[in-house]
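Everything on this sheet refers to the single structure shown next.
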Protein chains: 2
Amino acid sequence: MKRYGREEVIVSANSRLTIAAHALTWISLYQRQGHQVATSEQIATSANTNPVVIRRLLGELRKAGLVESRRGVGAGWSLTRELESMTLLDVYEAVEPGSLFAMHRATPDQGCVIGYGIQPAMQRVYEDIEETLRRELARVTLEDVLRDVLAAPR
Amino acid sequence: MKRYGREEVIVSANSRLTIAAHALTWISLYQRQGHQVATSEQIATSANTNPVVIRRLLGELRKAGLVESRRGVGAGWSLTRELESMTLLDVYEAVEPGSLFAMHRATPDQGCVIGYGIQPAMQRVYEDIEETLRRELARVTLEDVLRDVLAAPR
DNA sequence: GCAGTCGTAACAACAAATGTTGCGATCAAG
DNA sequence: CTTGATCGCAACATTTGTTGTTACGACTGC
């Protein structure tokens, strides 16, 4: 008799896009309440993570021109433009480095018909899919996200 | 003066879908050449990986009903149906466990408006995107992939 | 100067994907 | 009914990426 089973719970995948959207909407809401800048400390408390994680992410968003930071006393982060003009695609491209799918780790056998042709074939499929993904992400603005967040039932 | 830089090359993302497509097209081509079954050893050689990796993947495809295996001498793998009737979505669902994006690792501050509403808001966005991804994957059959593979210029 | 906050390096903790070894189970062939 | 080929699967190693944490210098308003 064999003994299998072994339930597994998946916990991975990355939450960068989620956390980045969290940070941006948080900053925006805070600014709408009359504040100038938000600190990584405050955002980290809301997102239940470490301030350095937030600074790292916001640093990438700054490279993409979505936020800016001030240093010194009264330092912190602010948006460079309205949430309406930021899409999830902007955020995604700022914080997600690679592509969704990968090719073989080691080059497949180039002497084999399949090994030779599989990568270009899959590459084309993957490019199409990522293009579609980008189009979908571009359809959602951060303002949409904030509206949705505020609409959550209490 | 600060010293930064630190180029990084991304090498991750998973290749399961790629390897699974490789295996399926390989088996099909081999069967079209008159063979009954393909061994994990042969497929692993073509994909330049370890036979156990192939057996693991094919095991998941078998659960999904796409392939079957025989044991004993003259054992190996064969397709249960034509490549035309298998889509990349079938393969994707068989070998990719989780979802594309993740929520926060730790529950965000439920006392904060953003912390409270962000997860349902993002959840909805992510579900839409994955639905679109599935639609795209469903449009490509393994027969399409094989045709593309064979069309690669030598 | 001082205090508060960013910028960034360095490292620890954790998890997932992949690779590898080992061995029992299975079964066709002889 | 033994033999050899191959799968099934557990166990563990390796590599890589993500997230969390500590530390400390840089910056700047007061």
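OP1 or OP2 of C:dG7 has not a single side-chain nitrogen or oxygen of A:Arg55 nearer than 4.0 Å. Neither OP1 nor OP2 of D:dT19 sits under 4.0 Å from any side-chain N or O of A:Thr49. Proximity of B:Arg105 to the phosphate of C:dA15: no side-chain N or O atom is located under 4.0 Å from OP1 or OP2. Phosphate proximity of C:dT18 to B:Ser15: present, with a side-chain N or O under 4.0 Å from OP1 or OP2.
Regarding B:Arg62, its CZ atom lies at a distance of 8 Å from the C1' atom of D:dC7, rounded to whole Å. Summarising the geometry, the separation between CG on A:Leu58 and P on C:dT8 is reported as 13 Å, rounded to the nearest angstrom. In this structure, B:Leu57 places its CG atom 8 Å from P of C:dT18, rounding to the nearest Å. Following rounding to the nearest Å, A:Asn48 (CG) and D:dT19 (C1') show an atom-to-atom distance of 13 Å. A:Ile54 has its CD1 atom 15 Å from the P atom of C:dT5, to the nearest Å. When the P atom of D:dT19 is taken as reference, atom CG of A:Leu17 falls 11 Å away, rounded to whole Å. The CD1 atom of B:Ile19 sits 7 Å away from the P atom of C:dT18 (whole-angstrom rounding). Here D:dC12 presents its P atom at 18 Å from CG of B:Asn50, a figure rounded to the nearest Å.
Every residue two or more places apart in sequence or in another chain that forms a side chain to side chain contact (heavy atoms under 4.5 Å, CB included) with B:Gln42 is listed here: B:Trp26, B:Tyr30, B:Ala38, B:Thr39. Under the salt bridge (charged side-chain N to carboxylate O under 4.0 Å, His left out) criterion, A:Asp109 pairs with no residue, sequence neighbours left out.
Ranked by how close their nearest DNA chain D nucleotide is to the 5' end, B:Ser69 and A:Glu96 are led by B:Ser69. Summary of the strand contacts: A:Val52 and B:Arg16 both lie near DNA chain C, and taking for each the nucleotide with the nearest heavy atom, the more 5' one is attributed to A:Val52.
Between A:His22 and B:His104, the two ring planes are perpendicular [angle over 60°; tilted spans 30° to 60°].
Note: A:Thr25 OG1 to B:Ile114 CD1 = 4.0 Å, rounded to the nearest 0.5 Å. A distance of 11.5 Å separates CG in A:Leu142 from CD in A:Glu82, rounded to the nearest 0.5 Å.
When heavy atoms are screened at a 4.0 angstrom cut-off, A:Arg56 is found touching base atoms of the nucleic acid. Within 4.0 Å of A:Gly76, counting heavy atoms only, lie sugar-phosphate atoms of the nucleic acid but no base atom.
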May I have the list of side-chain donor-acceptor pairs in residues 48-69 of chain B shorter than 3.5 Å, sequence neighbours left out?
residue : atom : partner  : partner atom : Å
B:Asn48 : ND2  : A:Thr107 : O            : 2.7
B:Asn50 : OD1  : B:Val52  : N            : 2.9
B:Arg55 : NH1  : B:Ser40  : OG           : 3.1
B:Arg62 : NH1  : B:Ser69  : OG           : 2.7

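Remark: B:Glu127 does not engage B:Arg124 in a salt bridge, criterion side-chain N to carboxylate O under 4.0 Å.
For residues 63-88 of chain A, there are no ring pair (Phe, Tyr, Trp, His ring centres under 6.0 Å) pairs, not counting sequence neighbours.
Grouping the Ile, Leu, Val, Met, Phe, Trp and Tyr side chains by contacts below 4.5 angstrom, directly or via other members, places B:Val37 apart from B:Val73. Both A:Leu89 and A:Val91 belong to a common hydrophobic cluster when Ile, Leu, Val, Met, Phe, Trp and Tyr are linked at side-chain heavy-atom distances under 4.5 angstrom.
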Atom pairs under 3.5 Å, N or O on each side, protein against nucleotides 28-30 of chain D: can you list them with distances?
residue : atom : partner : partner atom : Å
D:dT28  : O2   : A:Val73 : N            : 3.3

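Sorted by residue number, the list of members of residues 26-41 of chain A with any non-hydrogen atom under 4.0 Å from DNA chain D is empty.
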